[in-house]
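Read the structure below first, then the notes.
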Protein chains: 2
Amino acid sequence: MPAAAVGALDRLLEVTVLLGRDMAEGLAAHGLTVPRATLLWHLREHGPSTQRALADALGVTPRNVTGLVDGLVDGGLVTREPHPTDRRATLVSFTDRGARLVDEFGAGQAELAGQLFGGLAPERLECLVAGLDEVLDRLRALVSGVAS
Amino acid sequence: MPAAAVGALDRLLEVTVLLGRDMAEGLAAHGLTVPRATLLWHLREHGPSTQRALADALGVTPRNVTGLVDGLVDGGLVTREPHPTDRRATLVSFTDRGARLVDEFGAGQAELAGQLFGGLAPERLECLVAGLDEVLDRLRALVSGVAS
DNA sequence: GGTATATGGTGAAGTCACTTCACGATGAAG
DNA sequence: CTTCATCGTGAAGTGACTTCACCATATACC
């Protein structure tokens with residue numbers, strides 16, 4: 001009976017809830033939602049992308065990406081441009097405002113990281129990260145893998 | 001520049017995503033959604049509750065609780081009964097099936113905890129939990145508190 | 001007792017994320 | 001030049017949420 005393990009999972013779940021709330025709240029302050037911000041984030045890391053690529057990256061239906069991009073276009077954060085070689089596809093790219101906003105979020109995230117982990121003893125931080133990595137490995141195995 | 005802190009946050013966020021996906025998936029297999037399961041979970045820990053209490057506990061509008069309970073009633077997992085002393089209120093209680101299902105989830109969660117943390121070295125687990133607790137404290141302060 | 005006021009729950013209407021299915025337009029391969 | 005896969009989108013539907021208005025009941029105050 002892994003009582004300690006259950007306690008660890010409980011804490012992880014609570015972090016999940018709190019963190020999710022905080023992120024959603026911060027994004028909402030800028031008129032964004034989590035899925036839309038996730039799309040922007042991917043754009044920042046991978047440059048202009050087709051909606052198909054975005055759908056695969058976000059793990060959602062292409063149809064849904066259409067809706068998300070619609071919203072972001074309305075908000076003036078991204079643009080839809082024709083793909084240079086494939087006339088079926090559209091390329092989603094930042095507007096200046098979009099690029100500026102997502103950079104702001106990057107800074108905000110770094111600040112949050114500082115607030116959460118800033119004063120931790122280095123060895124404790126290192127241990128936390130190591131534990132997290134191990135859990136992450138198992139989680140990834142669970143998600144994509146078979147049952148034990 | 002807390003590069004290590006940013007890395008830690010990244011891992012935490014990835015755990016959040018993966019864990020959330022896994023939970024949602026497992027719940028969907030039993031015909032449930034995350035918010036409805038959360039409601040059941042609260043019921044298990046606090047016994048029959050008024051919808052108002054549920055709204056406060058889940059952090060959502062009373063109106064929304066009405067919808068969630070509607071769904072659970074349709075699914076035969078909970079019942080609405082009149083409150084013994086306050087005729088405005090309704091008490092939400094488990095049906096047998098609901099109680100059985102939520103117990104199953106409890107077992108499933110313990111199993112998941114075992115899979116995620118089972119083989120970890122005890123000292124590493126302890127350190128992980130300690131780090132998590134510290135982060136949780138700061139998170140709670142951030143969420144409910146003021147800006148620094 | 002009787003009136004004011006707060007509280008519990010729900011109808012109506014709307015937003016956002018998401019899905020499946022069908023379809024038109026284009027690319028690629030035979 | 002068909003055939004078939006692929007990119008994006010209209011249509012329709014679900015679930016979680018919100019706000020606002022409203023009714024019924026509890027409560028408090030004179």
Pairwise side-chain contact, V102(B) with L43(B), heavy-atom cut-off 4.5 Å (strictly under): no
Listed nucleotide nearest any side-chain atom of T50(A), set dT26(C), dG8(D), dG9(C): dG8(D)
Distance, rounded to the nearest Å, where L39(B) contributes CG and dC17(D) contributes C1': 14 Å
Protein-nucleotide distance (D70(A), atom CG; dC7(D), atom C1'), rounded to Å: 15 Å
Phosphate OP1/OP2 of dG9(C) contacted by T66(B) side-chain N/O (<4.0 Å): no
Atom-pair distance (CG on L68(B); C1' on dT14(D)), nearest Å: 14 Å
Among dG8(D), dA16(D), dG27(C), the nucleotide that comes nearest once only the side chain of D86(A) is considered: dG27(C)
Interatomic distance where CG belongs to N64(A) and P belongs to dG8(D) [whole Å]: 14 Å
Partner of T66(B) by side chain to side chain contact (heavy atoms under 4.5 Å, CB included), out of N64(B), V69(B), L68(B), D70(B): D70(B)
Over 12 non-hydrogen atoms of neighbours within 6.0 angstrom of CD in E14(B): yes
Sugar-phosphate, base or nothing in reach of T38(A), heavy atoms under 4.0 Å: nothing
Donor-acceptor pair under 3.5 Å, R63(B) side chain vs dG9(C) base: no
Closest-nucleotide ordering on DNA chain C, the 5'-leading residue of R36(A) and T85(A): R36(A)
Residue Q51(A), side-chain heavy atoms: nucleotide from dT26(C), dG8(C), dT9(D) that is nearest: dT9(D)
Nucleotide dG15(D), atom P - distance to CG of L27(B) in whole Å: 15 Å
Out of dA25(C), dA24(D), dA16(D), whichever nucleotide has its closest atom nearest the side chain of R88(B): dA24(D)
Side-chain donor/acceptor contact of R87(B) with base of dT25(D) under 3.5 Å: no
Distance in angstrom units between E81(A) CD and dG8(D) P, rounded: 14 Å
Atom-pair distance (CG on D74(B); C1' on dT14(D)), nearest Å: 13 Å
Value in whole Å for how far the P atom of dT15(C) lies from CG of L32(A): 18 Å
Closest non-hydrogen atom pair between G131(A) and R124(B), with its separation: CA-CD, 4.3 Å
Evaluation steps, salt bridge (Lys or Arg N to Asp or Glu O under 4.0 Å), between D103(B) and R100(B): CA-CA 5 Å; D103(B) 279 344; R100(B) 232 179 302 125; over 6 Å; no
Minimum-distance nucleotide to T33(A) side chain [options: dC18(C), dG9(C), dA17(C)]: dA17(C)
